[in-house]
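A note on names: the letters A, B, ... follow the listed sequences, proteins ahead of strands, and every chain is numbered from 1.
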Protein chains: 2
Amino acid sequence: MPCREKEVNPVPETFPNTPEAARPTMIDVARRAGVGLGTVSRVVNGGHGVRDETAQRVRTAIDQLGFQRNEVARALRPGKKSSSLALVLGDLTNPFYATIAKASLEVAGQSGFAVVLGSVDEDPEGEKRAIRELVSRQVAGLMIVPDQGDHAFLQGAGVPVVFVDRPATGIDADIVMVDNEGGGRLAAEHLLGQGHERIAILLAPSYYTTGRRLRGFRRAHRSAGLDVDESLVVQLPEGNAESAEKATRELMLRPDPPTAIFASTNFLTEGVLRALGELRRDPAVVGFDDFRLADMLPTPVTVVASDIAELGRSAARLLLDRAAGADTRPPQRIVLPCALIPRGSGERPPKKKR
Amino acid sequence: MPCREKEVNPVPETFPNTPEAARPTMIDVARRAGVGLGTVSRVVNGGHGVRDETAQRVRTAIDQLGFQRNEVARALRPGKKSSSLALVLGDLTNPFYATIAKASLEVAGQSGFAVVLGSVDEDPEGEKRAIRELVSRQVAGLMIVPDQGDHAFLQGAGVPVVFVDRPATGIDADIVMVDNEGGGRLAAEHLLGQGHERIAILLAPSYYTTGRRLRGFRRAHRSAGLDVDESLVVQLPEGNAESAEKATRELMLRPDPPTAIFASTNFLTEGVLRALGELRRDPAVVGFDDFRLADMLPTPVTVVASDIAELGRSAARLLLDRAAGADTRPPQRIVLPCALIPRGSGERPPKKKR
DNA sequence: TTCCTGGACGGTAACGTTTCCAAGTTTTAG
DNA sequence: CTAAAACTTGGAAACGTTACCGTCCAGGAA
């Protein structure tokens with residue numbers, strides 16, 4: 001039997017049975033080290049203006065007591081914000097948002113910042129409430145994937161704000177997003193380049209990004225000297241797969257179905273593929289945003305992709321700089337490029353109508 | 001000029017353009033409403049023991065000033081914890097974790113609680129540090145998807161803890177998880193029932209869940225009167241798809257390959273399918289945990305699934321009750337059931353060897 | 001020596017809230 | 001009508017930290 005050696009854990013031993021373990025405060029540390037409160041604070045905050053010997057005594061006391069600074073009390077002091085950022089977004093289940101969350105979390109963590117997530121329903125009112133709650137927690141900054149609706153109420157919040165993925169109206173703040181228009185153009189150009197002339201576009205009701213992608217789509221058509229058939233521009237009532245599935249079915253059952261489909265969102269792409277699978281039809285398909293397993297589907301899916309993680313990282317970095325006052329430039333607008341990844345579904349030639 | 005005597009807050013020296021808008025405090029509200037500070041506090045906290053008329057005056061002042069309680073100052077009072085829960089987990093990019101996060105976020109939000117995410121690298125030391133940081137933020141409770149390693153240091157933290165998905169050693173706390181053993185048994189029974197006798201199992205290095213799933217796998221074999229071929233029990237060095245892909249390739253290129261594979265994790269399942277696709281082999285496959293698009297792959301994937309969202313919800317609910325002191329039962333152990341969802345990949349009969 | 005300079009340190013006042021206590025006011029009971 | 005009880009209300013202390021303002025001491029300059 002492997003007699004595991006004892007844990008190498010000279011942890012400050014708290015008593016097992018005390019649920020209310022009073023955590024030691026700076027005062028306890030000061031008493032233990034035989035110094036004043038101010039000195040402890042100075043040591044904890046980098047130790048300027050403290051003699052090495054004294055600082056060492058304080059550090060010893062800190063270790064012995066297992067002291068850890070109470071961030072709440074610290075944040076109470078005027079001027080000091082808590083060392084947390086807030087992240088307000090929709091559906092964490094959507095890999096797109098999850099990626100943003102993960103990336104910003106990493107960057108924030110490296111600077112010792114925690115990230116508070118706001119639970120957001122779909123409605124703008126819920127978003128507003130969530131934001132207010134986060135602000136009341138004295139977060140040092142807000143990262144918001146904004147819903148439609150006016151965000152002017154953020155203007156006087158006294159907290160730096162960075163919008164992610166899409167800008168908000170009513171306030172001029174930093175924004176980090178992808179080149180939606182370029183992506184839309186890329187997708188359309190790719191399909192047009194294969195000879196497709198009847199291309200449908202499915203749009204989720206997320207006004208800004210949707211609009212830009214559509215604009216790029218139109219531009220590509222114009223450059224190619226073609227008109228967009230407005231009946232192939234489908235505004236979906238919801239942004240989920242089911243909605244796209246239904247719309248695709250209707251599209252393909254028309255007497256003049258499109259020969260290609262551009263799904264402007266990862267969930268929409270899924271819906272499109274689902275419908276096509278059932279209908280046994282195979283128009284060309286290009287999706288916006290890459291997704292897991294896209295390359296493993298019966299026909300690997302061609303997508304317009306961008307570095308979503310970088311979206312989150314940039315946002316967090318920018319926000320941290322703003323919060324620290326290290327960045328006083330006027331509101332920035334960071335736009336990340338898109339690239340088309342051909343995998344098969346987007347390279348199917350148009351079927352001759354007759 | 002109205003020689004108002006020094007108001008504490010006649011818009012301090014903030015310049016019009018400064019983002020530093022001083023938010024009103026309870027003192028401002030009290031002055032405005034012509035009442036005492038205590039009265040404002042009482043109104044804000046539900047308004048017991050305050051005359052209706054007075055309360056109304058206070059509420060009016062609150063609205064006029066746009067006052068909002070400073071949660072940080074509130075949390076400073078002894079006994080009061082901040083109204084945030086902490087959630088410590090690994091990779092938000094994994095839909096499994098994302099689902100937990102989303103669900104717990106919803107439940108917490110309904111009770112006015114925010115959720116602070118700890119950024120967690122892979123190492124136990126990072127986890128420990130993240131937890132300490134969160135505790136220093138005075139969160140009301142911790143939800144942890146624990147890494148291996150001792151968690152005894154949480155014993156004296158003075159905060160209720162709920163472990164999610166797997167228990168931790170060194171501390172007796174609430175735990176919410178799925179029936180790993182049952183799930184493992186289910187998968188194996190399903191495959192054995194089809195006549196498979198050489199079933200490989202791929203295990204990610206997450207000791208607890210992995211161990212239980214393997215145990216169920218073994219039990220099913222024993223019940224069927226079969227021995228597990230230990231060379232088909234593959235402990236992967238990492239829990240990602242690449243690792244599983246490599247292992248699968250090696251398995252299938254053996255002279256005596258398995259006729260079925262049980263992938264004990266969603267990412268592993270992906271790796272397995274990837275390898276099989278390239279090798280053009282089609283043993284039966286069952287995965288643990290459902291995943292998006294599982295039903296749309298060339299061969300729809302049979303999985304053992306459970307209600308992951310409920311995992312997150314239960315954890316949050318339990319933690320909220322503990323934090324409120326509403327639940328003083330001994331540590332609970334909530335186990336959610338698993339079910340097998342046949343989709344095709346798990347229903348392939350064994351190929352006759354020769 | 002004396003004076004000054006400057007670094008090291010101790011003490012204390014905030015920060016915005018909750019909670020307790022005392023004081024004031026109304027209602028109820030006798 | 002009076003006394004007690006119940007309810008309102010104002011004020012102040014405390015939570016743990018940081019920032020500021022002194023004091024003290026060493027050491028250099030005069």
Side-chain angles (χ1 to χ4, degrees), chain A residues 20-59 61-62 65-83 135-138 140 158, chain B residues 6 8-9 12 20-59 61-62 65-84 135-140 158:
Chain A
E20 289 304 327
R23 277 194 283 276
T25 77
M26 278 195 181
I27 299 181
D28 300 320
V29 174
R31 217 187 322 263
R32 176 120 190 179
V35 300
L37 179 54
T39 303
V40 177
S41 175
R42 275 185 286 263
V43 171
V44 170
N45 292 305
H48 277 306
V50 180
R51 247 190 323 167
D52 273 359
E53 181 207 322
T54 316
Q56 197 48 56
R57 229 172 48 238
V58 171
R59 273 190 284 268
I62 288 177
L65 294 171
F67 165 80
Q68 202 176 10
R69 174 168 65 190
N70 182 330
E71 288 295 330
V72 167
R74 173 185 163 85
L76 183 58
R77 294 309 312 284
K80 298 272 173 192
K81 286 291 178 183
S82 79
S83 57
V135 169
S136 82
R137 289 185 168 78
Q138 311 294 106
Chain B
K6 273 201 282 201
V8 166
N9 216 347
E20 291 300 331
R23 277 193 284 276
T25 75
M26 276 195 181
I27 299 182
D28 300 320
V29 174
R31 215 189 317 269
R32 177 116 187 181
V35 301
L37 178 53
T39 303
V40 176
S41 175
R42 277 184 287 262
V43 171
V44 170
N45 292 309
H48 278 304
V50 179
R51 246 192 324 168
D52 273 359
E53 182 207 321
T54 315
Q56 197 47 58
R57 232 176 39 242
V58 172
R59 272 190 284 268
I62 288 177
L65 293 171
F67 164 81
Q68 202 177 10
R69 174 167 64 190
N70 182 331
E71 289 293 331
V72 167
R74 173 186 164 85
L76 183 58
R77 292 310 311 284
K80 296 274 172 192
K81 287 291 176 181
S82 78
S83 57
S84 335
V135 170
S136 82
R137 289 184 168 79
Q138 312 293 107
V139 292

In whole angstrom, give the distance that lies between atom CG of Leu37(B) and atom C1' of dT8(D).
15 Å

Heavy-atom closest pair, residues Ala55(B) and Val43(B):
CA-CG2, 3.9 Å

Minimum heavy-atom separation for Ala73(A) to Leu76(B), with atom names?
CB-CD1, 3.5 Å

I want to verify a distance call: between dT9(D), dT19(C), dT17(D), whose nearest atom is closest to the Thr25(A) side chain?
dT17(D)

The salt bridge (charged side-chain N to carboxylate O under 4.0 Å, His left out) partners of Arg32(B) (sequence neighbours excluded) come to none

Starting at CZ of Arg137(B) and ending at P of dT17(D), how long is that distance when rounded to a whole Å?
14 Å

How does protein reach along nucleotides 20-25 of chain D, written 5' to 3' as B (base within reach of a heavy atom under 4.0 Å), S (only sugar-phosphate), or - (no contact)?
B-----

Rounded to whole angstrom units, what separation is found between the CZ atom of Arg57(B) and the P atom of dG10(D)?
8 Å

Return the nearest nucleotide to the side chain of Thr39(B); candidates are dT9(D), dG10(C), dG16(C).
dT9(D)

Tell me: CD of Gln68(A) to C1' of dG16(D), nearest whole Å?
14 Å

If we count only N and O atoms by modelled type, under 3.5 Å, do the side chains of Arg23(B) and Asn70(B) hold a donor and an acceptor together?
no

Mind listing the closest non-hydrogen atom pair of Ser82(B) and Val139(B) along with its distance?
OG-CA, 3.7 Å

Listed nucleotide nearest any side-chain atom of Ile27(B), set dT17(C), dG10(C), dA8(C)
dT17(C)

Can you work out whether Ala73(A) or His48(A) has the more 5'-proximal nearest nucleotide on DNA chain C?
His48(A)

By nearest atom, which of the nucleotides dT17(D), dA8(C), dG16(D) is closest to the Leu76(B) side chain?
dG16(D)

Protein-nucleotide distance (Asn70(B), atom CG; dC15(C), atom C1'), rounded to Å:
9 Å

Between dA12(D) atom P and Met26(B) atom CE, what is the distance in whole Å?
18 Å

